[in-house]
> 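Here it is, the structure in full.
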Amino acid sequence: MLRGSYTATIDDKGRIKIPASFKRYLDQHYGNPDFYITSLDGECARLYPLTEWEEIENRLSLLPSMDPVKRKFLDRVNYYGQMQTLDPQGRILIHPLLRSAAELLGEVTVFGYLTYLEIWSADRFRLRLNAHPFTDED
């Protein structure tokens with residue numbers, strides 16, 4: 001499972017080097033995977049190993065083509081989404097549209113969410129944590 005968080009940097013070309021422990025897990029469980037990189041809301045980037053993304057697509061294909069929730073989901077993930085491959089140095093490109101929307105410049109935080117990674121602007125994620133504290137009801 002992909003778990004925990006690591007600090008990383010987006011370079012001037014929009015590439016991020018996948019943190020070593022995540023890269024090791026991805027190599028062991030997926031080989032050298034292609035990724036589908038997308039977002040649901042433009043707040044962060046989600047990096048799905050292609051096999052994980054294909055499972056989502058398979059579930060979606062069972063829904064009627066004009067299902068409004070399916071359309072809403074696909075509108076967003078296709079707008080922000082692109083296929084990418086790791087380069088030999090373990091870096092991956094976050095395309096400019098998503099990079100700009102999510103403010104992914106310089107220092108970022110990479111989170112493991114079991115089967116995919118999320119990349120957040122470090123400042124934006126801290127604001128998110130403060131705006132939505134974990135309460136006893138949670």
Side-chain angles (χ1 to χ4, degrees):
M1 293 291 167
L2 297 165
R3 60 177 70 95
S5 68
Y6 296 89
T7 301
T9 303
I10 304 262
D11 69 17
D12 293 338
K13 295 180 181 178
R15 299 171 301 188
I16 182 172
K17 185 171 179 145
I18 301 297
S21 66
F22 289 151
K23 175 106 173 49
R24 249 187 323 278
Y25 179 86
L26 292 166
D27 289 345
Q28 290 171 355
H29 291 86
Y30 300 98
N32 189 10
D34 288 330
F35 288 86
Y36 190 67
I37 302 176
T38 190
S39 182
L40 295 175
D41 55 14
E43 292 287 310
C44 67
R46 288 186 175 189
L47 282 69
Y48 290 90
L50 187 56
T51 55
E52 296 293 341
W53 183 252
E54 287 171 340
E55 285 185 30
I56 293 169
E57 290 177 329
N58 288 337
R59 289 193 308 261
L60 285 168
S61 71
L62 300 175
L63 298 172
S65 64
M66 295 309 291
D67 180 285
V69 175
K70 176 181 177 178
R71 291 280 307 189
K72 188 175 185 180
F73 178 82
L74 287 173
D75 285 348
R76 283 154 181 76
V77 298
N78 286 325
Y79 178 74
Y80 290 114
Q82 280 193 349
M83 292 288 302
Q84 294 292 337
T85 302
L86 289 175
D87 71 11
Q89 289 78 36
R91 299 173 302 192
I92 196 161
L93 178 69
I94 309 296
H95 65 93
L97 174 72
L98 180 52
R99 203 167 60 238
S100 176
E103 300 174 0
L104 297 175
L105 307 167
E107 184 182 318
V108 296
T109 305
V110 183
F111 294 93
Y113 282 93
L114 306 178
T115 59
Y116 65 94
L117 300 173
E118 275 191 2
I119 302 173
W120 282 84
S121 154
D123 292 336
R124 182 177 271 189
F125 193 79
R126 280 189 288 273
L127 289 173
R128 179 176 182 238
L129 284 178
N130 292 334
H132 304 285
F134 201 68
T135 65
D136 289 339
E137 292 85 34
D138 294 330

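Bear in mind the structure is a predicted one, so any value in this text is a computation, not a measurement.
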> In this structure, would Tyr6 and Ile37 fall into the same cluster of hydrophobic residues linked by side-chain contacts under 4.5 Å?
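Same hydrophobic cluster.
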
> Would you indicate whether the side-chain heavy atoms of Ile18 and Val110 approach each other to under 4.5 Å?
no

> Which value, rounded to the nearest 0.5 Å, describes the distance between Lys23 atom NZ and Gln28 atom CD?
10.5 Å

> Please check if the side chain of Lys70 supplies one atom and the backbone of Leu60 the other of a donor-acceptor pair under 3.5 Å.
yes

> Are Ile16 and Phe22 connected into the same hydrophobic cluster when the rule is that any two of I, L, V, M, F, W, Y join if their side-chain heavy atoms are below 4.5 Å apart?
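Phe22 clusters together with Ile16.
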
> Using only atom types and a distance under 3.5 Å, with no angle test, would you say the side chain of Thr9 pairs donor to acceptor with the backbone of Asp11?
no

> Enter the distance from Trp53:CH2 to Phe35:CZ here, rounded to the nearest 0.5 Å.
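Spacing of CH2 (Trp53) from CZ (Phe35) equals 14.0 Å.
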
> So, the side chain of Tyr25 versus the backbone of Met1: is there a donor-acceptor pair under 3.5 Å, distance only?
yes

> Checking Arg124 side chain against Glu43 main chain: does a donor-acceptor pair fall under 3.5 Å?
yes

> Taking His95 for its side chain and Thr38 for its backbone only, find out whether a donor-acceptor pair lies under 3.5 Å.
no

> Are the side chain of Asp138 and the backbone N or O of Thr135 linked by a donor-acceptor pair below 3.5 Å?
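Here the side-chain-to-backbone pair exists.
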
> Does a side-chain heavy-atom distance below 4.5 Å link Thr109 with Arg126?
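Thr109 vs Arg126: side chains apart.
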
> Do Leu105 and Ile92 belong together in a cluster built from hydrophobic side chains that touch within less than 4.5 Å?
no

> With hydrophobic residues grouped by side-chain heavy-atom distances under 4.5 Å, do Leu98 and Tyr79 end up in a single group?
yes

> Start with the C-alpha distance between Lys72 and Asp75, add both sets of side-chain angles, then the distance that settles salt bridge (Lys or Arg N to Asp or Glu O under 4.0 Å), and finish with yes or no.
CA-CA 5 Å; Lys72 188 175 185 180; Asp75 285 348; over 6 Å; no

> How far does CG of Asn130 sit from CZ of Phe125, to the nearest 0.5 angstrom?
10.5 Å

> In terms of heavy-atom contacts, does OH of Tyr113 have more than 12 from other residues, nucleotides or ligands at under 6.0 Å?
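Count over threshold, so yes.
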
> Do Glu52 and Tyr30 have side chains that get closer than 4.5 Å, going by heavy atoms?
yes

> Do Val77 and Met83 sit in the same hydrophobic cluster, where Ile, Leu, Val, Met, Phe, Trp and Tyr count as joined when their side-chain heavy atoms come under 4.5 Å apart?
yes

> Can you confirm whether Arg99 sits close enough to Leu93 that some side-chain heavy atom of one is under 4.5 Å from a side-chain heavy atom of the other?
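With C-beta onward as the side chain, the pair touches.
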
> Ring centres under 6.0 Å, that's the criterion: do Tyr48 and Tyr36 meet it?
no

> Roughly how far apart are Ser5 OG and Trp120 CH2, rounded to 0.5 Å?
13.5 Å

> With a 4.5 Å limit on heavy-atom distance, are the side chains of Arg76 and Asp41 in contact?
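They are not in contact (no side-chain heavy atoms under 4.5 Å apart), so the answer is no.
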
> Please examine the side chains of Leu40 and Phe73, heavy atoms only from C-beta on, and report whether any two atoms are closer than 4.5 Å.
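Yes, at least one pair of side-chain atoms sits under 4.5 Å.
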
> Can you tell me how far the CG atom of Asp123 sits from the CD atom of Glu103, to the nearest 0.5 Å?
9.0 Å

> Calculate, to the nearest 0.5 Å, the distance between atoms CG and CG belonging to Leu47 and Leu26 respectively.
9.0 Å

